[in-house]
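What follows is a set of notes on a single structure, which appears directly below.
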2 protein chains.
Amino acid sequence: MEPRLDTQTGYLLVKLGALAGARFDGVLAPLGLRGRHVRVIEEMRGASHSQQELCQATGLDRTTMVAVLDDLEQRGYARRSRSTADRRKHVVTLTGAGERAFKEAARALADAQEAFLAPLSAGERDQLRDLVERLRTTTG
Amino acid sequence: MEPRLDTQTGYLLVKLGALAGARFDGVLAPLGLRGRHVRVIEEMRGASHSQQELCQATGLDRTTMVAVLDDLEQRGYARRSRSTADRRKHVVTLTGAGERAFKEAARALADAQEAFLAPLSAGERDQLRDLVERLRTTTG
DNA sequence: TATTGTTATACTCTATAACTATA
DNA sequence: TATAGTTATAGAGTATAACAATA
């Protein structure tokens, strides 16, 4: 007899990932953000990028990027301006408010992660991180 | 400076879970099944159930269950019949073809999991399974 | 002709609610 | 009136393709 699917590592990984994702979404929601916004902002920090470059860095497609930047611009977290070098491109820059929003989001996410991993000891968390990272870089 | 989000355990867990889910979906697709179908079939094995009971066992809601059972019935993997005890209920039973399809799917999933976890040693897989399981039962 | 950003369209999912047939 | 199953509808999410402006 086959072992129950829901006792297997693969299934557990899928479920745990979904659970973690929901937690993180829930933490960002009160800030009016979603994961993708945070990832895009993180990418913008320190330097300006074209939308194209942001797409490559984050893996979002360009139509999604338009919507994300619309959101960020509307909240005053980012600004778009035409590139003088290539007028097809938009130079996207992070505002001070955007930087502050990122810090707040990063803190909230770190707290949520801390709570999520709380059942494990420090050593076990390191183990988990190592195993997961290796799977992701090797398998994925 | 904050550490990159994509180097953190929580983020890695979310991504790895999504990756594993995509793999498993990909393995089931050629069989014309999705995860939910397999979970429902697994629940039906050995005993008959009402749709309601299948919903409780799998966490699917009843409108989704209708679609899943439509699929399974169309493929000849399941049959619905009126309960004589309570004619509102459908007694759902697994067919021989359904049982065979389940075995095939379970094997394909086991192979996919094996490949997915291949970068880890047997001991590390046990570790991973233990850590993930504990997180899921404690945190989730 | 190709590229950047944008908009429009269509498709999938899901969640809700309305409907039927029984109880 | 409540329950089991079904169907219909609407909303969000995503992916594709068409479009405008530059190059």
Side-chain angles (χ1 to χ4, degrees), chain A residues 14-15 17-19 21-22 24-26 28-30 32-41 43-44 47-74 77-94, chain B residues 14-15 17-19 21-22 24-26 28-29 32-40 43-44 47-74 77-94:
Chain A
V14 174
K15 287 300 177 186
L19 187 61
F24 298 146
D25 286 349
L28 292 179
L33 297 172
R34 298 181 51 186
R36 57 181 56 168
H37 297 105
V38 180
R39 273 184 284 139
V40 169
I41 296 182
E43 210 49 49
M44 291 167 55
S48 299
H49 299 270
S50 70
Q51 297 187 195
Q52 186 77 261
E53 288 164 344
L54 288 175
C55 287
Q56 283 160 355
T58 59
L60 298 177
D61 83 29
R62 57 187 186 166
T63 70
T64 305
M65 185 59 70
V66 170
V68 169
L69 292 177
D70 284 349
D71 294 341
L72 295 178
E73 222 175 10
Q74 194 183 356
Y77 295 166
R79 265 194 287 275
R80 283 189 263 220
S81 57
R82 286 273 168 204
S83 163
T84 50
D86 181 343
R87 288 179 46 74
R88 290 175 303 184
K89 295 187 181 179
H90 280 171
V91 175
V92 189
T93 53
L94 191 63
Chain B
V14 174
K15 286 300 175 187
L19 187 61
F24 297 147
D25 287 349
L28 293 178
L33 297 172
R34 298 181 50 184
R36 57 182 55 166
H37 297 104
V38 181
R39 271 183 287 140
V40 169
E43 209 49 47
M44 291 167 56
S48 299
H49 298 271
S50 70
Q51 297 188 194
Q52 186 76 261
E53 288 164 346
L54 289 174
C55 289
Q56 283 161 356
T58 59
L60 297 177
D61 82 31
R62 57 187 184 165
T63 70
T64 306
M65 185 59 69
V66 170
V68 170
L69 292 178
D70 285 349
D71 294 341
L72 295 179
E73 223 175 9
Q74 193 183 357
Y77 295 165
R79 265 195 287 273
R80 284 187 263 221
S81 57
R82 287 272 169 205
S83 163
T84 50
D86 181 343
R87 288 180 47 73
R88 290 174 303 183
K89 296 187 182 181
H90 281 171
V91 175
V92 189
T93 53
L94 191 63

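Chain letters run A, B, ... following the sequence lines, proteins first, then strands; residues in each count from 1. Keep in mind it's a predicted model, so treat the numbers as computed, not measured.
- Legend: salt bridge (charged side-chain N to carboxylate O under 4.0 Å, His left out) pairs involving residues 84-93 of chain A, not counting sequence neighbours, sorted by first then second residue: A/D86-A/R88.
- Qualifying side-chain contact (heavy atoms from CB on, under 4.5 Å) partners for B/S48, counting only residues two or more places apart in sequence or in other chains: B/V91, B/T93.
- In this structure, A/K89 places its NZ atom 11 Å from C1' of D/dA23, rounding to the nearest Å.
- If you take NE2 of B/H49 and P of D/dG5, they are 13 Å apart, rounded to a whole angstrom.
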Only distances under 3.5 Å count here; give the side-chain donor-acceptor pairs of residues 60-70 of chain A to other protein atoms, sequence neighbours excluded, each with its distance to 0.1 Å.
from	atom 1	to	atom 2	distance (Å)
A/D61	OD1	A/T63	N	2.8
A/D61	OD1	A/T63	OG1	2.8
A/D61	OD1	A/T64	N	2.9
A/D61	OD1	A/T64	OG1	3.3
A/D70	OD1	A/R80	NH2	2.2

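- One atom, CD of A/Q52, and another, C1' of D/dA23, lie 14 Å apart when rounded to the nearest Å.
- Between A/L69 atom CG and C/dT7 atom C1' there is a gap of 15 Å when expressed in whole angstrom units.
- Going from atom CD of B/E53 over to atom NE2 of B/H90 covers 13.5 Å, rounded to the nearest 0.5 Å.
- Distance CZ (A/R80) to C1' (C/dT6): 9 Å, rounded to an integer number of Å.
- Rounding to whole angstrom units, CG of residue B/D70 and C1' of D/dT6 are separated by 9 Å.
- Separating the NE2 atom of B/H37 from the P atom of C/dC13 is a distance of 10 Å, rounded to the nearest angstrom.
- Atom C1' of nucleotide D/dG13 and atom CE of A/M65 are separated by 16 Å, given to the nearest angstrom.
- For the side-chain contact (heavy atoms from CB on, under 4.5 Å) test, residues two or more places apart in sequence or in another chain that qualify with A/Q56 are A/Q52.
- From one end of the helix from C/dT1-D/dA23 to C/dA23-D/dT1 to the other, with five pairs defining each end axis, the axis direction shifts by 30° (rounded to 10°).
- We find the CG-CG distance between B/L72 and B/L94 to be 8.5 Å, quoted to the nearest 0.5 Å.
- Listed by chain and number, the residues in a side-chain contact (heavy atoms from CB on, under 4.5 Å) with B/V14 are A/A20, A/F24 (sequence neighbours excluded).
- Residues B/V92 and B/M44 have side chains in contact (heavy-atom distance under 4.5 Å, counting atoms from C-beta outward).
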Under 4.0 Å protein heavy-atom contacts per nucleotide of nucleotides 14-23 of chain C, with B for base, S for backbone only and - for none: S-BBB---BS

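- The side-chain hydrogen bond (donor to acceptor under 3.5 Å, both in side chains) test applied to B/H49 returns no partner, not counting sequence neighbours.
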